[in-house]
Amino acid sequence: MNSSVKKTIPELMGRKGSTQPGTPKKISMVTAYDYPTALLADQAGMDLLLVGDSLAMVVMGYDSTVSVTMEEMLHHAKAVRRGAKNAVLVGDMPFGSFQTGPDEAIRNAVRYLKEAGMDAVKLEGGQHQAHIAQALVRAGIPVMGHIGLLPQLVSQMGGFKVQGRDAAGAQKLLDDARALEEAGCFAIVLEAIPDRLAGLITRSLRIPTIGIGAGVECDGQVLVFHDLVGLYDRFTPRFVRKYAQAASVMSQALIDYKNEVEAGQFPGPEHSFTIKDDVLETLYGEK
Ligand code: KIV
């Protein structure tokens, strides 16, 4: 468990350059979607909690992140806020909440800050979305960028594929990253890109990079909570390390409970409440 120190965006930005030995420690980020996951991640000392639109898949059971709405994201973000005390909280802008233009993007991002208590928002997209990121930053909303594999555009990208493997693709990602830095983003997520390209992008920026499937040279790392603890069974990307097998622990608990209920072994006396004999006698006239 970690001591209670509220983290800040400037403090995290100061961790830039953690790729060199002897420099500040790297930035840790994980997704959270509800009160208990936020509480656990915050108590573990996580720097950033992302209310990711991945909740469409890992919590709501959709096949992609496209379906989740702003209202649904806010509902989860509020629960995360109640569980987290110290981490910087980032609300993911769902598909359709920012693409129509800066006005709607600001309106939705403001809701994250005012209604759900988020500290910042994240949006997917590089050069094409830099003007939206800039408008949000100018409106006083801290923005985290997200480039590389963009799950909201997964059908356009031909599936969950590594990005930036050829020269043109790699150059585009470098240009995307620079455009987002120029727009005022305080950090950028790099998803599913080759490790040395992520290293090059990281070194070419003044703001931190947070990698997911982007190798160890980023300034920080992010994973989806359900992947990390082993709670999502449909698909595990190669870049995930499962730190636990939560699904099998939970599944065994449910089987044990069901069996004990059926066998009359639960509840035991220790889970039951007593009543005095004389009180019962007044009801039934017997002990
Ligand atoms: O929604 C999400 O979980 C994300 C992470 C993959 C960065 O955007």
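Every number for a ligand or one of its atoms is a count from 1 in the order of the listing. Bear in mind the structure is a predicted one, so any value in this text is a computation, not a measurement.
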Closer than 4.0 angstrom, basic N to acidic O: yes or no for Arg107 and Asp103?
no

Could you give the distance from CZ (Arg15) to NZ (Lys26), rounded to the nearest 0.5 Å?
11.5 Å

Consider side chain to side chain donor-acceptor pair (under 3.5 Å). Of Gln152, Gln129, Glu191, which one does His146 pass it with?
Glu191

Taking 4.0 angstrom as the limit, do Glu71 and Arg111 come out as a salt bridge?
yes

Within ligand 1, which atoms have a heavy atom of Glu191 less than 4.0 Å away?
6 (C)

Relative to the heavy atoms of Ile212, which atoms of ligand 1 are at a distance of less than 4.0 Å?
6 (C)

Give the atom numbers and elements of ligand 1 that come within less than 4.0 Å of a heavy atom of Thr31.
3 (O)

Looking at Leu50, which atoms of ligand 1 are within less than 4.0 Å of one of its heavy atoms?
2 (C), 4 (C), 5 (C), 7 (C), 8 (O)

Would you call Lys7 and Asp47 a salt bridge, taking side-chain N to carboxylate O under 4.0 Å as the test?
yes

May I ask whether Met29 has any heavy atom positioned less than 4.0 angstrom from an atom of ligand 1?
no

Take the angle between the ring planes of Phe266 and Tyr257 and call it parallel below 30°, perpendicular above 60°, tilted in between.
perpendicular

Pick from Val222, Asp227, Leu228: which one makes a side chain to side chain contact (heavy atoms under 4.5 Å, CB included) with Val224?
Asp227

Mind checking whether Asp92 has an N or O less than 3.5 Å away from an N or O of ligand 1?
yes

Under 4.0 Å from any heavy atom of Val224, which atoms of ligand 1 are there?
3 (O)

Quick one: nearest non-hydrogen protein atom to atom 8 (O) of ligand 1, plus distance?
Lys122 NZ, 2.9 Å

Taking only heavy atoms of Ser54, which atoms of ligand 1 are found under 4.0 Å from at least one of them?
1 (O), 2 (C), 3 (O)

N/O to N/O below 3.5 Å, does that happen between Glu124 and ligand 1?
no

A student checking ligand 1 against His146 at a 4.0 Å heavy-atom cut-off should list atoms 8 (O)

Would you find a donor on one side and an acceptor on the other, under 3.5 Å apart, between the side chain of Asp34 and the backbone of Ala79?
no

